[in-house]
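First up is the structure itself, then whatever we jot down about it.
Here is how names work: the chains are called A, B, and so on, in the same order as the sequence lines, proteins then strands, and each is numbered from 1. When reading the values below, keep in mind they use all heavy atoms of this one structure, side chains included, and skip hydrogens, waters and symmetry mates.
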Number of protein chains: 2
Amino acid sequence: MILQKKDAFNRFAAKRGLRSTRQRDLILDVFLSSHDHLSVEELYLKVKATNPGVGQATVYRTLKLFVEAGLAREMTMSDGQTRYEHLSAGEHHDHLICTRCGAIVEFEDATIERLQGEIALRHGFSITSHRLDLYGICPACKATPV
Amino acid sequence: MILQKKDAFNRFAAKRGLRSTRQRDLILDVFLSSHDHLSVEELYLKVKATNPGVGQATVYRTLKLFVEAGLAREMTMSDGQTRYEHLSAGEHHDHLICTRCGAIVEFEDATIERLQGEIALRHGFSITSHRLDLYGICPACKATPV
DNA sequence: CTTGCTGCAAACAGTTTGCAGAACT
DNA sequence: AGTTCTGCAAACTGTTTGCAGCAAG
């Protein structure tokens, strides 16, 4: 799974004439072995933990490459931070987001996807992507007194 | 319609002990008489056109009040800007967004709303709000060569 | 007269960029 | 050797905040 993604990135890099560097390998490792939805800051700190010399700018630049390579998806959160989640070819999922603790749960719903397609058609749009976030309180937070 | 919203804001202001100022009235007028989904910058420019002395900070502060008063909804766009749209009590709609020209078309779909509720229930979440954006190319752009 | 509101400018947070040196091929 | 990539720091963008003066009640 992780190897597949590394291969995918290597193919992308080769096609684009990008060089293979220690930093890019490292950032890819950390990204792939982490849970989804990391902010750049979180990823940067994880990378720095094992390899202090790496700069933030490189993390920013490398994440943009992952997006171009189709490995990652960018999500602009309402707190102004950008988060990156894993993305496999053709796969898509939406999010339940806890507004108290920030937990993010993924889900998929084929019926909603289909209805979205119908709505787009009705308005003459050709859809390239979409984003569905449901905000609320997760079960754990409901059980915990504020 | 516009008067109703002004009343709503006045009631909110009274309850909160806020003062009635020239700037707030002006910004509310401009906001209510504009199309939806304005960025702060756009609104600020419109306000400044008729009343040059108004500062950006006031526009930012006033828009946050509108959100608290339930007149407006904040949307963080992927370009990093925040846009504000009109909001009436209980009303909700989602968006088709053209990635070429930036046009935003609103739609509502009761079935999707219901399915969202079911998904939330299944995961034990209590939903407070949601956001559904469909990104693609609008009919006008499809007809226009790049 | 008292307190909240405004405009300005400075501060901030997240992200991007220019550049000199390091590293890949 | 030639060129890309990196790290640093400075620049940028959108937004927030501190403060002195202004204005509403």
Q: Check whether Ile137(A) and Phe125(B) end up in the same hydrophobic cluster, where Ile, Leu, Val, Met, Phe, Trp and Tyr are linked by side-chain heavy atoms less than 4.5 Å apart.
A: no
Q) When you check the gap from the basic side-chain N to the acidic O, do Lys6(B) and Asp25(B) get nearer than 4.0 Å? A) no
Q: Check the angle between the aromatic planes of Phe9(B) and Phe66(B) and answer parallel, tilted or perpendicular using the 30° and 60° thresholds.
A: perpendicular
Q: Whole angstrom is fine here: how far is it from CD in Glu42(A) over to P in dG14(C)?
A: 11 Å
Q.
What's Gly53(B) touching, base or sugar-phosphate or nothing? Going by heavy atoms closer than 4.0 Å.
A. sugar-phosphate
(Q) I'd like to know if Lys64(A) and Glu74(A) make a salt bridge, using a cut-off of under 4.0 Å between side-chain N and carboxylate O. (A) yes
Q | Intermediate values then yes/no, side chain to side chain contact (heavy atoms under 4.5 Å, CB included), Glu85(B) and Leu38(B) | A | CA-CA 7 Å; Glu85(B) 63 178 352; Leu38(B) 289 92; over 6 Å; no
Q.
Rounding to an integer number of Å, can you tell me how far Met75(A) CE sits from dT15(C) P?
A. 14 Å
Q.
Can you tell whether the side chains of Asp7(A) and Lys5(A) come within less than 4.0 Å, N to carboxylate O?
A. no
Q: Check the distance between dG7(D)'s P and Arg24(A)'s CZ and give it to me in whole angstrom.
A: 11 Å
(Q) Output the rounded distance in Å from NZ (Lys48(A)) to P (dT6(D)). (A) 17 Å
Q: Find the distance Arg16(B):CZ to dT3(C):P and express it as a whole number of Å.
A: 19 Å
Q) Using a distance-only test with no angle check, is there a side-chain donor-acceptor pair under 3.5 angstrom linking His86(A) and Glu91(A)? A) no
Q. Could you run down nucleotides 12-25 of chain D 5' to 3' and tag each one B, S or - for protein heavy-atom contact under 4.0 Å?
A. --SBBBB----BBS
Q) Does any residue of residues 65-72 of chain A have a heavy atom under 4.0 Å from DNA chain C, and if so, which ones, in number order? A) none
**Q.** Parallel, tilted or perpendicular: ring planes of His37(B) versus His93(B), cut at 30 and 60 degrees
**A.** perpendicular
